[in-house]
Each structure stands twice: as C-alpha cells, then as structure tokens.
**Student:** 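Before I ask anything, let me first share the structure, which is written out below as structure tokens.
The structure presented is a predicted model; accordingly, all values stated were derived computationally and were not measured. Numbered from 1 within each chain, the chains take letters A, B, ... in sequence-line order.
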Number of protein chains: 2
Amino acid sequence: MLTEYLSAEINRLALLGKLPLHRQLYEALRSAVLGGKLTSGHRLPSSRDLAQDLHLSRNTVIAALNQLVIEGYLASHVGQGTFVTDRAPAKHTRRKPVLADQGAKLSSRGEALLTHFCAAQLEIYPFTPGIVDFTAFPMALWQRLQHKHWRMAYPDMLDYSYSGGYAPLRKAVSDYLRVFRNMPVDTEQVIITTGTQQSLELCSQLLADFNDTVWLEDPAYWGAVKAFMATGLRLHPVAVDQQGIAPQEADEATPPRLIYVTPSHQYPTGTVMSLRRRHAILAAARHHKAWILEDDYDSEFRFSGPPIASLAGLDSDERVLYMGSFSKVLYPGLKLGYLVVPKRLAAPLKQAHYDLNRPGQIPLQAALAEFIEMGHFATALRNARQTYAERRRCLLESLRPCLGSSAQISGAEQGLHLCVNLPDTLDDKALAQRIGAMGLTVRPLSAYCIRRTDIRGIVIGYGYAPFADIEQHGPTLAKAMTAALARYGG
Amino acid sequence: MLTEYLSAEINRLALLGKLPLHRQLYEALRSAVLGGKLTSGHRLPSSRDLAQDLHLSRNTVIAALNQLVIEGYLASHVGQGTFVTDRAPAKHTRRKPVLADQGAKLSSRGEALLTHFCAAQLEIYPFTPGIVDFTAFPMALWQRLQHKHWRMAYPDMLDYSYSGGYAPLRKAVSDYLRVFRNMPVDTEQVIITTGTQQSLELCSQLLADFNDTVWLEDPAYWGAVKAFMATGLRLHPVAVDQQGIAPQEADEATPPRLIYVTPSHQYPTGTVMSLRRRHAILAAARHHKAWILEDDYDSEFRFSGPPIASLAGLDSDERVLYMGSFSKVLYPGLKLGYLVVPKRLAAPLKQAHYDLNRPGQIPLQAALAEFIEMGHFATALRNARQTYAERRRCLLESLRPCLGSSAQISGAEQGLHLCVNLPDTLDDKALAQRIGAMGLTVRPLSAYCIRRTDIRGIVIGYGYAPFADIEQHGPTLAKAMTAALARYGG
C-alpha cells in the first residue's frame, strides 16, 4: 500500500520535472505523513526494502529519510527502525498557554498575544491562504549569486548594516517601485527590514505611544494585529466594505494615531480599495494628523482590471509609510523586506532601526540587489504571475458549482487568495473544520474578525497548491461548501 | 604622500597574511578616509596612476574603488574622477531628530528612543568597545558550508522557521552550553533568535506589561535600554558595585517584574558578578516573583580566574531566561543568537516568537549547526581567545604608565573591553572627545549611566584593534589619560 502510494507520488512529481530523486521521495513521504496516510507510531520499511521496492538507490532513500528525521516527521531508533513521530506537525495546533503557577507568569500582554489570532504550527497545505509556492524559486541561480557575494568578502559586509541597509539593494527597491508601482521613491527613503512584521513594529514604536489608537481593517491580517498588541496600541477595528476600509461617524469619534491598511488586496476579504476611498482615507489621516501604514500586500499579483496607484503614490502630505516584502516572489524564509518612509522621517527611522535591531545580513542583501538589478526578480515575478493565473482559473472553475446567490466570490482579481462569502448565519468555523478533516486547509472568514460578527466565508489560498492539487481537490472543496449551504438552507 | 601611506598600509596588511590584494588596498583607503588622511572632496588619482604607483594591477585597484563607492566612502563622476564623499561616515554622528512640524510627529516613545543612548553611525575603530575582529573569520569554510546547505534545497528550508528554529541548531546550542557553560539545557528550551535584541524584546513583550518595572544595571548596555524603552517598561536603574548589580533597600521599594543583568562581564564596567551576589539576585527574583533576563555577554572570553556558573545554571526555580549570540565569535552581521527559557515557558515563547517575527533563514541555521557540530566553532573560539589574550596583554602594558591611585582598571579578566576608572569629578566625556580627535574611539563611562553621577572612566575595547594598532596607539591613549589626570590634579 505505502509503496504504491509513494510510487504514484514520485511519478507525479517526476512529471513536474526539476526535482532530484531524493526530493521526490521526501515530498512523497512528507505528504503521506501530513495527509494522514502514515500515522503516528507507524514503522517504515527499512531503507534497503524501500530502495528495492521503489527502484531507487539506497543513498537516495537515506537522504530523504534523514531530512524527515531532522524536520521531526520521523524518528529513528537504533535497532528498531524508523517511525512516524507523534510530534509530527499536527494540523490546527492551537496551544493555550498554561503555566504552572509558581508565582511568576506571563504578562497580560503575553497572555493576550498567545490567546488570539495564533498562526498554526505548520501552515503549508494546498489552499492555506497567505502561502506561496516557493518550490519554483530559481535556487541554483540564487545560490550562485550568494556564493559570488560571499567570495567578495569585504569585512564591512560581515558587520552590521548601517543607514537603512545595503545601498545597492535600497537603490534596487526604489527602481523597482518606480517601474512597477509608479512611485517616485528616493533611495534615501528606503529602509531594508526583515519583513513586514519588523516594519510594522518599527513604525508602531516610533510613531505611537502606549494606548494610542490604531485604526485597522476588520477583518484583519493577524500579523499586524500581533505587532500592534505587542507594542501596546489600542486596536480600533473599522469595518471593510466592497471598497475597502470604511470609517463611519462612530469611528471618527476615536481618532487614530496610526491607520493600517492593505489597499491592494485586503487581507482576508480580497477587496481592492477604490481610488475614491484611497483619497478619503488620505483626507482622514490629514484631518486626524495620523500616519498611514500601507501594507502593499499582494500588489505584485494583479490579474484583471487597471492597477490602482498606491496610497504612498497619491500622498502629497508625507503621511504614508509604505511596506512590502520579497517573500511572495522569492521565498518566505528570506526575511528581507522594505519600508519606504516620507523624507522627513528617513533619518530618525534609520537611526532607530539600527539602535533597536542591529540589522545585518549584508551578503544576502547584496545577492538580492544583484538578483533584482539583473532582471531575475522581474522574470521570477512574470513566471509566478503566469503560474498563479492558471491556478486561479482552475480554482474558480472548480468552485463554480457551489456559487450562487448565497455564496459569492470576492477578491479574485488580485493576490493569491480569494474569499467565498457565505450567509452571515452559517457556521464558517465548523465548515472549515469539516474541510480540514478532508486534509485540506482553508480558513473561516470569521476567524479574522476583531469586533464584527456579520460576515462569514471561507478564505482559500491558491499560492501554494500546485495546479494538479487544485484540479484534484477543488471539486471536493466545492462539494463540501455545497453540502453546507444545503444543510443551511434546509 | 597618499601613495606612500597606502604602500605602507598595504605592506603592513600583507605581513598579516590572508587578505587578497584588492582587500588590502580597500582597507588602506578606507582607513585613510576614516583616519582623516583623505578628507571630503579630495580627488583620488586615476585608477591607472594608482595602479602604476602602487605596483598593482588596474583590476585590483578598480575592485577596491568600486567597493568603497558602494559603501559610500567614495563617489565617482564620469569625466571628473573619484572623490571622497562628504557623506563618508563621520565619527560620533549623533542625529537629533528634527521633524518639520506638519501636524504629525514622532511619538514620545520615538523621541525618547532617538534622544538617549544612540549608537554611532559606524562604530569600527580600534578601541571602540563592543566590537570584535571578524576579519579572522574562516570565510572560505563558512562559504562552503552555506553552499552545501543551499544545495540540499529542501523546500521546508526556504519556508519560515517553526518551533523555535532549526532543530539541529537548537541541539548544537544545547550541546555547546552543556560543555562550555555546564548548563543542563534541553533542546526544547532553546529558541533561535536574530540575536540579543530580539531575545530581549520577546521576553519584554511576553513577560511584562506597559509600565511594569525592569531593574537594570547602572551603568547599562545601550541595546537593552532601547529594547525596554521600546516595549514600554519603566526603567529602574540599580547601581553596580565591585560584585555586580547591588540592589539597596530603596530599590526593593520598586519591585521588579524583570531583572536584566550581564553577570559574566558587566557592560560597561567589566565587573564579574560574584557567586554570592548571584545567589542574592536569584533570591530577590524569587521574593519579587520576577523573571531574570541573563545576558551572558562575553562569557566566551575568560582570561583569568575560575569560571563562575551562569545564573541559569544556578536557578532551581525556573526564573531565568538566558541569552547569547554567535556574533562575538563569528561575525556581527550573522544575526543569529539564542534564548534558553525555563521549560514551562518553552511552548508559549516559541509560539509568540513565531507569531511576532515569522523567523526564517533556515539554510543559514543549518550551516551554523554544522559549523558547531564539526568543531569549527570551538576552534574559532580557541583562536579568538588566543588573539584577544595577546591584545589584552599589550593594551594592559601600554596603559601601565597612566595607572595609579586615581586611575584603576576594572574588568580585564574577561571579555573584550576594560574600563579605566577615573576620579569621579573628572570630565570623562571631554577626555573621550580629546582622544577621539586623535582618531581613536573610546567611550566615557558616564555615557552609560542612567541615573547615577558618581562614576567616571574610559571604556576601551580591544576586540577590533589589531595587535599592531594597540602597540602603536596604546601609548597615545595612555599619554592622553596621564595628561588629563595631571590637569585634574593641578
């Protein structure tokens, strides 16, 4: 049984090309564990038997098994064989912190951080939102560039990174934003960070005090919620409508110090903020003397309709701090992103970024700068857009049978996820759980809500799911939703 | 003149071995700019002339010049030549943030972060404390290991890093601590962070609330002060004496939630906390139900006397969070460190670390794990100890003439800096400035004081200064101090 499954998986992966044999076996075994085909405690055949049955060399088998042991999927005991661990990353792990009370405990801030909006332990399954397919990343090229910059080996490159990051990377970012987002950015305005979390935290610490109000979208991106909680801000959720964040009179009564928005592709509803609303939110910031934090999440992936100018591009008042990351086009673990600040904030924010973080990793920054300058980033982006456009089309196709007046899609024009909006009394958490039990991870829209209780839906990512997976599992997803709607209707 | 200086520098560097020619020229030019031999606006000879005069190939000259342009020391204008920039990193840059008042401004927290205890822009000069000599780092070996781990290229390695970091690195850290610090650490207790700043911030956010009190040493390490300010804690400075942090009755009246200490080599006084004081501070933590944050700064470098157990090693009450970093033995820009937490905190802190930071860089973690496992870390540490011991001896020798009843050294048994304690009415800031004008960077002890005004001294690092520099400049340093003491006495 196992051998047959592994053979089939390996053949499937072989068709996709590119992967070395040990990687194919690794993937096949890993998916068997994650998919529940191999359960905790299961004893694997010996590497000799596996090699024989699968017609692979024993070294290939051992390489794959070793990696899975390192990653905690398998454990090996001398003389007893190799087993699936009981610590194999489980789905939907949500740990409620319980500290033995010995007088010392977590702070209230700490308890709150651990109780709300926690990321699952291991998030990469088909349909998990917020994840991209980094298996397509041009690894060999990237490796060559890194190698090259390590060879240069100037000692300044081993030191901390001063003045907002490695100058050529800051220049590459400003060139990229000029070309792709039509933003007139001066290199001096760019600060290289370890990604959006660090950018948000820096802005929060430098521009807001304890208990200052931050307006944020409801529903919201978890990472941002965490950053604001950790830095002591008061969260004021503002409901999102079809045009993006929509402050009402009641909201104006709680004037913000910061306004955090994801205008290109609101996370998680997928709404694209209209031009009119963009001007309105800029006016609101001016009125309240607030700073806008623009997380230009997913702006790279636009599939239909004209692009809309970023808030930073429309800002005549120097109130917008603009942030992006390279992880959606390259790979998540890269940990390089950028923050573009108004000129008057450049000097203080660079100094504070250095003082608070002692940034480093210059050889990596140098490799990335060259990767962008030589046009590889643009190529990777073009390829990714094409790949994701196909997956998107396939997913939309699969979902068609369950759509209707009570189930409508939003957010499919842009980004790497979409949202199926469901009737506001349907239990989307239970539905997501039923879908999870089928081995597919989707997220209930209500899980992203901070205060509002009027929206329900299922958030589906197609960034990580290979085309074949979408083709295979998309109909299952649609069927589960149709069934839920039928139960709900009846 | 310039040619002669460069030739001499290149010859000096050639004697030290190891560096390729372009690196030697780069170093020589860089030190000419930093040392003020080449001032802003100075036009360099053409690369052709430089090559001829220095008997180097033109490619070598161009490689060195290009790197200096990238790093901002030089600027090149077509048809005009290459100039020393006016933005060449200046010494003692302290930017006071001034924002044009357009209604929006920095927060009070931001202003405070930028006004106190700011790091200089570029810190690497001989005698700057807190800096190490990473030019000795085995670059080629490190590059090979990185290359190897990139070749393995499992997709999980490109993703975020879950569960506190890459398992083999966490194991390598626990093995290291068991052997070198005699600490019985379970791998589960280790969280890989980007260094002490991130470790401090995580502890602060999870274990303390806004306005909770943190006891910290006075004088204190700037980075820690910043982390606590940024996370909204109330700083309660506790004076350090010959045995380390010494809470008085008055301090007990402000009970702490956190106690931050650097017991191995107090920064900046260099005091080693006595065993008796260690037990006392553990008892104080128990009494106040507080957490201890132990920054085991410089514990790697002990030159005389028996090693003293870490607080974490003495802690029977699970109250100590222990942090270290690899940057002192490897290189600062690596950005990998570790936090060892009590078992009851392991699960919540790992989860929060993931949620707040989305850590990554697994290939780098894998390379470092192998570097440690294969014994290269131990070798590098041994070499570094030897190198630093020689420098320390040379510096102590140079300083002897200025020592006496009114100038005494503390903190020379351990770590990479020492402190010359001076009479408490001598202006150490003015003295440090006079020494700075000679091209040597040292820090006045009073600049590290938070509340107290009773100590004066000069903090001198020997981590970054090559032996030859100490031999050459040490006597200058001693003379400047002798002169200051004479003026003071007279």
**Student:** If you apply the rule ring-ring contact (aromatic ring centres under 6.0 Å, His included), what do you find for B:Y331 with A:W150, and how did you get there?
**Tutor:** CA-CA 13 Å; B:Y331 59 98; A:W150 269 100; 5.8 Å; yes
**Student:** Under a 3.5 Å distance rule, please check whether A:K335 uses its side chain to pair with a backbone N or O of B:Y160 as donor and acceptor.
**Tutor:**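 Looks like no, no N/O pair under 3.5 Å.
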**Student:** Tell me every residue that passes salt bridge (Lys or Arg N to Asp or Glu O under 4.0 Å) with B:D212, counting only those two or more places apart in sequence or in another chain.
**Tutor:**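 For B:D212 the salt bridge (Lys or Arg N to Asp or Glu O under 4.0 Å) partners, ignoring immediate neighbours, are B:R257.
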**Student:** Are B:Q197 and A:N357 packed together at the side-chain level, in the sense that at least one heavy-atom pair is separated by less than 4.5 angstrom?
**Tutor:**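 With C-beta onward as the side chain, the pair stays apart.
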**Student:** For B:L200, is it the side chain, the backbone, both, or neither that has a heavy atom closer than 4.5 Å to a heavy atom of chain A?
**Tutor:**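 Neither part; nothing is under 4.5 Å.
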**Student:** Using side-chain heavy atoms (C-beta onward) and a distance below 4.5 Å, is B:Q361 in contact with A:Q361?
**Tutor:**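 A side-chain contact under 4.5 Å exists here.
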**Student:** Does A:R109 have any salt bridge (Lys or Arg N to Asp or Glu O under 4.0 Å) partners at least two apart in sequence or in another chain, and if so, which?
**Tutor:**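 For A:R109 there are no salt bridge (Lys or Arg N to Asp or Glu O under 4.0 Å) partners, ignoring immediate neighbours.
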**Student:** Less than 4.5 Å apart, any side-chain heavy atom of A:L158 and any of B:L334?
**Tutor:**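 No, every pair of side-chain atoms sits at 4.5 Å or beyond.
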**Student:** For B:P359, is it the side chain, the backbone, both or neither that has a heavy atom under 4.5 Å from a heavy atom of chain A?
**Tutor:**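 The backbone, not the side chain.
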**Student:** Would you please classify the geometry between the B:F210 ring and the A:F210 ring as parallel, tilted or perpendicular, with 30° and 60° separating the classes?
**Tutor:**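 Parallel.
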**Student:** Do B:L207 and A:K105 come close enough that some side-chain heavy atom pair is under 4.5 Å?
**Tutor:**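 Heavy-atom side-chain distance check fails, nothing below 4.5 Å.
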**Student:** Is a side-chain donor-acceptor pair under 3.5 Å present for A:E201 with B:Q205?
**Tutor:**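 Result is yes, a qualifying pair exists.
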**Student:** With a 4.5 angstrom heavy-atom cut-off, is it the side chain or the backbone of A:S204 that approaches chain B, or both, or neither?
**Tutor:**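 The backbone, not the side chain.
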**Student:** Among B:A366, B:A352, B:A208, which has the most heavy-atom pairs under 4.5 Å with chain A?
**Tutor:**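 Option with the top pair count is B:A208.
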